[in-house]
Every structure is written in C-alpha cells, then in structure tokens.
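Handing you this structure, nothing more for now.
In this chain, residues are counted from 1 in sequence order.
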Amino acid sequence: MSRAKLASGIVRLRPFDRSLPMQLMRAREAVMARFRPHLTARGLTEQQWRIIRALNEIDSLEIVDLGARCCIHPASLSRMLPKLAKAGLIARRTNAKDQRRIIVSLSARGRQLFAALAPQSEEIYAGLERDLGPARIAELYRVLGEMIDALAPNGRPGNTSGA
C-alpha cells in the first residue's frame, strides 16, 4: 500500500499549497509581476515578448520551432503573429522548399523595440538577483534546468528561459 493511500482505499494528496505545479505557477507569477508593467507599458503581452526575445537571438525560425522555443502552441502562435506583423515587429515568408511552412524573423522595428526594452529588463533581472542573491539565482537555473532535462519527454523543449 502506498503511503498516500489510506486504509479505506482513498488516495490522500499532499496539501494543495505544496503541490509542485502550484508552487511553480506561483513562482512564475511572482517573477512575471516584476516584468508585466514593463511589457504592458509598451503594449506587449508576455507571449509577444517571448517571441521578440527568441527571434532577437536567431535570424529566423519556422512557426513550429518558434512555438517550441517560446512554449507557445503553434495554433496560438499563428493567431499572434499577424498582430506582430501588422505592428511591423516581425516579417513572415514561406519556406522556399515547402510553401506550406512559414518562416518568421524579427524586423528592424522589432530589433529596435528589443533594444529599447532590454536595458529595463536587465534592471529587473538585477533586482531579482539583489532580492534573492546571485548564488540562489544560479542555483534556481541549475535545478530548473535539471528538472526540465529529466522530465521533458523528448529532451529539453527549446529555450525555456522566461522573460
């Protein structure tokens, strides 16, 4: 009989506040609460910023790869991209070898927006480091990286570094 199973056969779960998914969600929300005002001041959602950040580091990506890198479902991503394109922040083109595949890149305007937001983002990261300490931040990255590597079904799912 497992430790969580009572004699009556009813499974007893750990307290809700100690469930790992909830703790991870609360930690994410605590971090994102620092970034959200910075993003909303520029009219960006968290997902849009993830797209801009990802594309700033890579020349271009197909939608499926961009979705994996940003942890955004391709269907959701395909609904977001027209708005970013209309704002002039990204460019889309078809793959020369397969017209069904769309390649996305950051436009010059998107790179300018990234450059404008990056210094304040780094200030937010510096504040997190001041509050938690550099060693703790490094430990968080290490432990989360190990967790992702151990639990992701097919290896690490792209770059999962938040804001």
Side-chain angles (χ1 to χ4, degrees), residues 20-129 132 134 136-163:
L20 187 56
M22 284 310 302
Q23 289 293 84
L24 289 169
M25 287 178 74
R26 285 187 182 108
R28 180 193 183 283
E29 287 303 309
V31 170
M32 288 311 300
R34 304 232 178 152
F35 285 93
R36 271 190 203 105
H38 163 62
L39 299 176
T40 16
R42 295 292 185 137
L44 291 173
T45 67
E46 297 166 36
Q47 296 84 3
Q48 290 170 332
W49 178 238
R50 287 200 312 256
I51 293 165
I52 291 167
R53 281 207 61 187
L55 291 174
N56 188 67
E57 294 180 2
I58 296 176
D59 287 335
S60 61
L61 281 172
E62 287 190 3
I63 288 179
V64 172
D65 298 326
L66 180 61
R69 186 167 172 85
C70 296
C71 294
I72 301 172
H73 190 276
S76 298
L77 187 61
S78 65
R79 287 190 298 272
M80 288 179 214
L81 294 179
K83 185 174 181 178
L84 290 172
K86 186 176 180 182
L89 299 174
I90 64 161
R92 295 180 296 175
R93 62 181 167 81
T94 56
N95 183 320
K97 295 179 182 175
D98 184 346
Q99 298 291 313
R100 296 169 299 175
R101 300 178 96 168
I102 305 297
I103 298 171
V104 183
S105 59
L106 200 57
S107 67
R109 185 172 183 182
R111 291 191 188 283
Q112 289 171 345
L113 178 62
F114 175 85
L117 287 168
Q120 190 177 1
S121 284
E122 280 304 314
E123 288 175 23
I124 295 167
Y125 278 112
L128 289 167
E129 196 168 285
L132 295 172
R136 229 167 168 189
I137 292 286
E139 179 70 359
L140 277 168
Y141 278 120
R142 185 188 67 72
V143 169
L144 290 170
E146 288 175 2
M147 181 180 189
I148 293 163
D149 288 342
L151 300 179
N154 298 316
R156 189 174 281 259
N159 181 347
T160 55
S161 64

Can you find a pair of side-chain heavy atoms, one from Ile51 and one from Ile72, that are under 4.5 Å apart?
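Sidechains of Ile72 and Ile51: in contact.
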Name all residues meeting the side chain to side chain contact (heavy atoms under 4.5 Å, CB included) criterion together with Met25; count only those two or more places apart in sequence or in a different chain, and write none if there are none.
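Scan of Met25 (side chain to side chain contact (heavy atoms under 4.5 Å, CB included), adjacent residues dropped) gives Met22.
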side-chain contact (heavy atoms from CB on, under 4.5 Å) assessment of Ile103 paired with Thr94:
CA-CA 6 Å; Ile103 298 171; Thr94 56; over 6 Å; no
Is Glu122 reaching over with its side chain to a backbone N or O of Pro119, donor-acceptor style, under 3.5 angstrom?
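Not at all, since once roles are kept as given, no pair shorter than 3.5 Å links the two residues.
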Flag the pair Leu144 / Leu24 as yes when at least one side-chain heavy-atom distance between them is below 4.5 Å, and no otherwise.
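In contact.
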Mind checking side chain to side chain contact (heavy atoms under 4.5 Å, CB included) for Arg136 and listing every partner two or more places apart, or none if nothing turns up?
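If we apply the side chain to side chain contact (heavy atoms under 4.5 Å, CB included) test to Arg136, skipping adjacent residues, the hits are Leu132.
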Throw together a table of side-chain donor-acceptor distances under 3.5 angstrom for residues 80-90, partners on residues two or more places apart or in other chains.
none

Do you know which two heavy atoms are closest between Ser121 and Phe35, and how far apart they sit?
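Shortest heavy-atom separation between Ser121 and Phe35 comes out as O-CE2, 4.0 Å.
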Could you grab the distance from atom CD of Gln48 to atom SG of Cys70, nearest 0.5 Å is fine?
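Those atoms lie 11.5 Å apart.
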Step by step, would you call Arg69 with Glu57 a side-chain contact (heavy atoms from CB on, under 4.5 Å)?
CA-CA 11 Å; Arg69 186 167 172 85; Glu57 294 180 2; 2.8 Å; yes
Determine which pairs satisfy side-chain hydrogen bond (donor to acceptor under 3.5 Å, both in side chains) with at least one residue from residues 104-119, sequence neighbours left out, and list them in order.
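For residues 104-119: Asn56-Arg111.
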Just grab all the salt bridge (Lys or Arg N to Asp or Glu O under 4.0 Å) pairs involving residues 31-41, residues at least two apart or on different chains.
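As it turns out, the salt bridge (Lys or Arg N to Asp or Glu O under 4.0 Å) pairs with a partner in residues 31-41, which skip direct neighbours, are Glu29-Arg36, Arg34-Asp131, Arg36-Glu46.
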Could you tell me the separation between the CZ atom of Arg142 and the CD1 atom of Ile137, rounded to the nearest 0.5 Å?
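If we round to the nearest 0.5 Å, Arg142:CZ and Ile137:CD1 are 14.0 Å apart.
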Tell me whether the rings of Trp49 and Phe114 are parallel (<30°), tilted (30 to 60°) or perpendicular (>60°).
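Parallel: the ring planes of Trp49 and Phe114 meet at under 30°.
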Ignoring hydrogens, what is the shortest heavy-atom contact between Gly110 and Ile52? Give both atom names and the distance.
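For Gly110 and Ile52, the tightest heavy-atom pair comes out as O-CG2, 4.2 Å.
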Side-chain touch Met147/Leu20, heavy atoms, less than 4.5 angstrom
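Side chain of Met147 against side chain of Leu20, heavy atoms only: contact under 4.5 Å found.
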Inter-residue atom distance Leu44.CG - His38.NE2, 0.5 Å rounding
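It comes to 8.5 Å.
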Only distances under 3.5 Å count here; give the side-chain donor-acceptor pairs of residues 58-67 to other protein atoms, sequence neighbours excluded, each with its distance to 0.1 Å.
residue	atom	partner	partner atom	Å
Glu62	OE1	Arg101	NE	2.8
Glu62	OE1	Arg101	NH2	3.0
Glu62	OE2	Asn95	ND2	2.9

Are Arg42 and Leu117 close enough that some pair of their side-chain heavy atoms sits under 4.5 Å apart?
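Side chain of Arg42 against side chain of Leu117, heavy atoms only: contact under 4.5 Å found.
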Distance from Met32 atom CE to Ile124 atom CD1, nearest 0.5 Å?
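So the gap between those two atoms works out to 8.5 Å.
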